[in-house]
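Below is one structure, written out as structure tokens; comments come after it.
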Amino acid sequence: MRHRKNTEWLIKKAQEVTAVDLSEEMLAVAKVKINSPNVQFIQADITTPWTFTKGQYDIVGFSLVLEHIEQLGPVFEKCVSE
């Protein structure tokens, strides 16, 4: 659960954190371990259009996912587009 550790670190530094995972099961585990009103957990596939974004983000991070995506360009483009 590396992404859980990243979320724990981020909530100490950010006012809001959007945690996205393809797996509902992994999100359920994270929700049990992370109890913060500043974190929004969302199930989504980051290779499809991002309907979960709420405007611009200060930082976008990925943990243990990019090695599973064949075409990274579209994912990175979503990180910088408005």
Side-chain angles (χ1 to χ4, degrees):
M1 280 286 306
R2 181 76 187 148
H3 58 283
R4 177 186 53 82
K5 290 181 181 179
N6 291 341
T7 304
E8 288 173 339
W9 183 83
L10 284 168
I11 60 175
K12 295 175 185 170
K13 313 238 179 288
Q15 291 179 346
E16 293 181 50
V17 174
T18 304
V20 180
D21 200 306
L22 180 62
S23 167
E24 285 283 357
E25 293 81 14
M26 294 302 281
L27 286 171
V29 170
K31 287 176 186 178
V32 168
K33 297 190 182 262
I34 304 289
N35 185 15
S36 172
N38 299 355
V39 179
Q40 179 183 16
F41 292 96
I42 298 174
Q43 188 279 327
D45 180 348
I46 65 169
T47 63
T48 63
W50 291 9
T51 58
F52 56 83
T53 57
K54 302 182 298 183
Q56 292 186 331
Y57 289 83
D58 294 325
I59 187 170
V60 177
F62 300 94
S63 294
L64 306 173
V65 66
L66 296 181
E67 61 268 22
H68 302 287
I69 298 174
E70 192 170 313
Q71 299 293 322
L72 292 174
V75 174
F76 292 143
E77 287 173 11
K78 291 178 187 116
C79 294
V80 296
S81 63
E82 293 184 44

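Along the sequence shown, residues carry numbers from 1.
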- Which atom of A19 lies closest to which atom of L27, heavy atoms considered: O-CD2, 4.1 Å
- Calculate, to the nearest 0.5 Å, the distance between atoms NZ and OG1 belonging to K31 and T7 respectively. 12.5 Å
- Going only through I, L, V, M, F, W and Y residues with side-chain contacts under 4.5 Å, is there a path from I69 to L22? no
- Task: Write down the atom of C79, the atom of V60, and the distance for their closest heavy-atom approach.
- Result: SG-CG1, 3.6 Å
- Residues I46 and V20: closest non-hydrogen pair is CG2-CG1, 4.1 Å
- Roughly how far, to the nearest 0.5 Å, is CD of Q43 from CE of M26? 13.0 Å
- Query: Roughly how far, to the nearest 0.5 Å, is the CG atom of D58 from the NZ atom of K13?
  - Reply: 14.5 Å
- Heavy atoms, side chains only, cut-off 4.5 Å: are W50 and I42 in contact? no
- More than 12 heavy atoms of other groups within 6.0 Å of D45 CG: yes
- E67 CD: over 12 foreign heavy atoms closer than 6.0 Å: yes
- Minimum heavy-atom separation for F52 to T18, with atom names? CD1-CG2, 4.4 Å
- Task: For N38 and A14, work out which heavy atoms get closest and say how close.
- Result: ND2-O, 4.2 Å
- Message: How about NZ on K12, more than 12 heavy atoms from neighbouring residues, nucleotides or ligands closer than 6.0 Å, or not?
- Response: no
- Task: Taking atom CD of E16 as the centre, report whether more than 12 heavy atoms of other residues, nucleotides or ligands fall under 6.0 Å from it.
- Result: no
- Task: Answer yes or no: is there a side-chain heavy-atom contact under 4.5 Å between V17 and W9?
- Result: no
